[in-house]
Chemist: 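The following block contains the structure, expressed as structure tokens.
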Amino acid sequence: MKAFSPFYLAVFVLLLLSSCTSRSAKKNDTPTSKTSTESKAKETFPLSNLVKENKVTPDQAMVRLHAQHHPHKVLERRTVPGPFTAPSMKYYSHHAVTLDKMPTINPGPGEYVHVMEGQRNGYNNLTIGITETFPGGYPPMHTHEGEESHVLLEGDILYALGDTTFTIKAPYMVNIPPMVPHAFKNVGEETANLVVIFPTNVWKYDVVDYFPFDKSKQAKKQDNTQGAPSTKVAVSDKKLSAKN
């Protein structure tokens with residue numbers, strides 16, 4: 001009996017360790033899966049420089065400008081806040097900026113933008129933003145006075161461009177004409193990082209009272225204004241709503 005005791009003890013220990021390992025693996029299955037799912041809705045780059053946008057009530061000049069291009073009411077103009085000192089561009093550090101030095105804004109639910117505003121970084125005719133668009137995230141419908149280009153290497157995005165909606169899969173580039181109301185929504189499962197490019201050194205955009213991705217708000221607006229609902233069609237099938 002004594003000769004077999006070490007054997008049985010070893011078997012018991014091995015079974016105990018196997019049982020604990022199995023329980024630990026099962027216990028960790030759910031959190032690991034949850035973390036994997038949650039990671040899809042996390043930022044690619046830190047949002048540590050989050051700032052509140054400046055919001056300005058539209059004046060008559062803004063109202064008239066929008067009335068010339070689309071039927072929607074302009075609600076407000078948004079810009080990046082805070083004073084700044086333009087770089088002298090004498091040193092190499094003035095010619096390069098890392099993402100952690102850029103202000104980050106939160107235009108809409110699940111939508112953040114790291115903003116490289118040209119006038120703050122020595123550019124005369126360039127402003128660039130890199131978005132953190134979480135799954136389901138989107139900015140409000142808005143316009144810019146100049147043209148804009150979107151570049152995306154990975155992801156699936158639903159666009160509202162004028163009165164047209166369409167879904168496009170990366171890699172792609174999208175041309176957004178001046179004063180055309182537009183917005184986009186991440187319909188993929190991963191955070192999308194769009195690069196948005198403007199031929200101006202000032203970051204600003206005007207928000208309009210059109211809600212293409214919120215059916216309840218859009219239905220309420222249509223009831224109040226008797227506006228025509230947006231129809232999901234291919235971009236080539238319908239002209240943009242902005243006037244030529």
Side-chain angles (χ1 to χ4, degrees), residues 38-56 76-87 89 91-161 168-176 178 182-207 213:
E38 288 178 348
S39 67
K40 296 177 181 179
K42 289 184 177 180
E43 66 271 16
T44 307
F45 308 105
L47 302 177
S48 54
N49 287 342
L50 191 63
V51 298
K52 290 185 177 180
E53 298 173 274
N54 284 335
K55 299 180 180 180
V56 179
E76 62 189 13
R77 172 164 290 175
R78 298 183 183 180
T79 58
V80 178
F84 65 92
T85 300
M89 308 307 289
Y91 307 100
Y92 83 88
S93 59
H94 294 165
H95 292 263
V97 58
T98 53
L99 214 62
D100 61 312
K101 301 294 191 298
M102 302 178 194
T104 303
I105 59 174
N106 178 207
E111 170 68 2
Y112 299 84
V113 188
H114 306 284
V115 180
M116 192 295 293
E117 187 175 34
Q119 63 178 344
R120 299 169 188 251
N121 294 276
Y123 291 91
N124 294 320
N125 298 289
L126 185 66
T127 287
I128 296 175
I130 300 177
T131 79
E132 302 280 351
T133 310
F134 295 167
Y138 58 89
M141 197 74 163
H142 62 281
T143 68
H144 304 281
E145 292 181 2
E147 61 187 354
E148 177 184 9
S149 180
H150 285 188
V151 181
L152 186 65
L153 299 182
E154 293 183 6
D156 298 272
I157 302 294
L158 169 64
Y159 273 89
L161 189 58
I168 184 169
K169 185 178 183 64
Y172 70 74
M173 296 183 186
V174 169
N175 182 332
I176 301 172
H182 61 281
F184 53 88
K185 181 178 182 179
N186 184 355
V187 292
E189 297 182 351
E190 302 283 349
T191 296
N193 298 118
L194 286 86
V195 179
V196 296
I197 306 167
F198 307 90
T200 175
N201 69 349
V202 178
W203 176 280
K204 67 178 179 180
Y205 63 98
D206 296 343
V207 178
F213 306 134

Chemist: State which residues pass side-chain contact (heavy atoms from CB on, under 4.5 Å) with Lys55; sequence neighbours excluded, sorted by chain then number.
Modeler: Glu76, Arg78
Chemist: Just how far is it from atom CG of Asn186 to atom OG1 of Thr133, taken to the nearest 0.5 Å?
Modeler: 6.0 Å
Chemist: Taking the side chain as C-beta and beyond, is there a heavy-atom pair between Pro135 and Thr191 under 4.5 Å?
Modeler: yes
Chemist: So how far is it from Leu50 CG to His114 NE2, rounded to the nearest 0.5 Å?
Modeler: 9.5 Å
Chemist: Using a cut-off of 6.0 Å, state whether more than 12 heavy atoms not belonging to Met173 lie near its atom CE.
Modeler: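 Count not over threshold, so no.
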Chemist: Please identify each residue that fulfils side-chain contact (heavy atoms from CB on, under 4.5 Å) with Lys101, with sequence neighbours left out.
Modeler: Val97, Thr98
Chemist: I'd like to check the side-chain contact (heavy atoms from CB on, under 4.5 Å) partners of Asn49; sequence neighbours left out, ordered by chain and number.
Modeler: Thr104
Chemist: List for me each residue that meets salt bridge (charged side-chain N to carboxylate O under 4.0 Å, His left out) alongside Arg120, sequence neighbours excluded, and say none if there are none.
Modeler: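 Arg120 satisfies salt bridge (charged side-chain N to carboxylate O under 4.0 Å, His left out) with Glu117 only.
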Chemist: Report, one line per pair, each donor and acceptor closer than 3.5 Å where one atom sits in a side chain of residues 195-204; sequence neighbours left out.
Modeler:
from, atom 1, to, atom 2, distance (Å)
Thr200, OG1, Val202, N, 3.3
Asn201, ND2, Tyr123, O, 3.3

Chemist: I need the minimum non-hydrogen distance between Glu147 and Pro178, along with the two atoms involved.
Modeler: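 Scanning both residues completely, I find the closest heavy atoms to be N-CG, 3.6 Å.
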Chemist: Using the ring of each side chain (for Trp, its six-membered ring), is Phe213 parallel, tilted or perpendicular to Tyr138, with breaks at 30° and 60°?
Modeler: perpendicular
Chemist: Is it true that a side-chain atom of Asn106 and a backbone atom of Gly108 form a donor plus acceptor pair closer than 3.5 Å?
Modeler: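 Present.
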Chemist: Kindly assign one of parallel, tilted or perpendicular to the pair Tyr112 and Phe134, based on the angle between their ring planes and the thresholds 30° and 60°.
Modeler: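 Because their plane-to-plane angle lies in the 30° to 60° range, the rings of Tyr112 and Phe134 count as tilted.
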Chemist: Rounded to the nearest 0.5 Å, how far apart are CE of Met116 and CG of Leu126?
Modeler: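 Result: 4.5 Å between the selected atoms.
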Chemist: ring-ring contact (aromatic ring centres under 6.0 Å, His included), that's the test. Do Tyr92 and His95 meet it? Break it down for me.
Modeler: CA-CA 5 Å; Tyr92 83 88; His95 292 263; 9.0 Å; no
Chemist: The test is side-chain contact (heavy atoms from CB on, under 4.5 Å); show your working for Glu148 and His150 and say whether it passes.
Modeler: CA-CA 7 Å; Glu148 177 184 9; His150 285 188; 2.7 Å; yes
Chemist: State whether the side chain of His182 and the backbone N or O of His142 hold a donor-acceptor pair below 3.5 Å, judged by distance alone.
Modeler: yes
Chemist: At what distance, to the nearest 0.5 angstrom, does NZ of Lys42 lie from CD of Glu190?
Modeler: 12.5 Å
Chemist: Listing request: all salt bridge (charged side-chain N to carboxylate O under 4.0 Å, His left out) pairs with a residue in residues 122-142, at least two apart in sequence or in separate chains.
Modeler: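 Listed once each, the pairs would be none.
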Chemist: Which atom names give the shortest non-hydrogen contact between Ile105 and Glu53, and what distance separates them?
Modeler: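 Smallest heavy-atom distance, with atoms named: CD1-OE2, 3.5 Å.
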Chemist: With side-chain contact (heavy atoms from CB on, under 4.5 Å) as the criterion, how do Tyr172 and Ile157 come out once you've worked through the C-alpha distance, each side chain's angles and the decisive distance to 0.1 Å?
Modeler: CA-CA 10 Å; Tyr172 70 74; Ile157 302 294; 3.3 Å; yes
Chemist: Which atoms form the tightest heavy-atom contact between Val51 and Pro103, and what is the distance?
Modeler: CG2-CB, 4.1 Å
Chemist: What are the two closest non-hydrogen atoms of His144 and Tyr205, and how far apart are they?
Modeler: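 Between these two residues, the closest heavy atoms are CE1-CB, 3.3 Å.
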Chemist: Does Lys185 reach the side chain of Glu111, with side-chain heavy atoms less than 4.5 Å apart?
Modeler: no
Chemist: If you measure from OG1 on Thr143 to CG on Asp206, what distance do you get to the nearest 0.5 Å?
Modeler: 4.5 Å
Chemist: So, taking the atom named CZ in Phe184 and the one named CG in Leu152, what distance separates them when rounded to the nearest 0.5 Å?
Modeler: 9.5 Å
Chemist: What heavy-atom pair brings Ala183 and Pro140 nearest, and what distance separates the two atoms?
Modeler: CB-O, 3.9 Å
Chemist: Work out which heavy atom in Val113 is nearest to a heavy atom in Gly129; give both atom names and the distance.
Modeler: CG1-CA, 3.9 Å
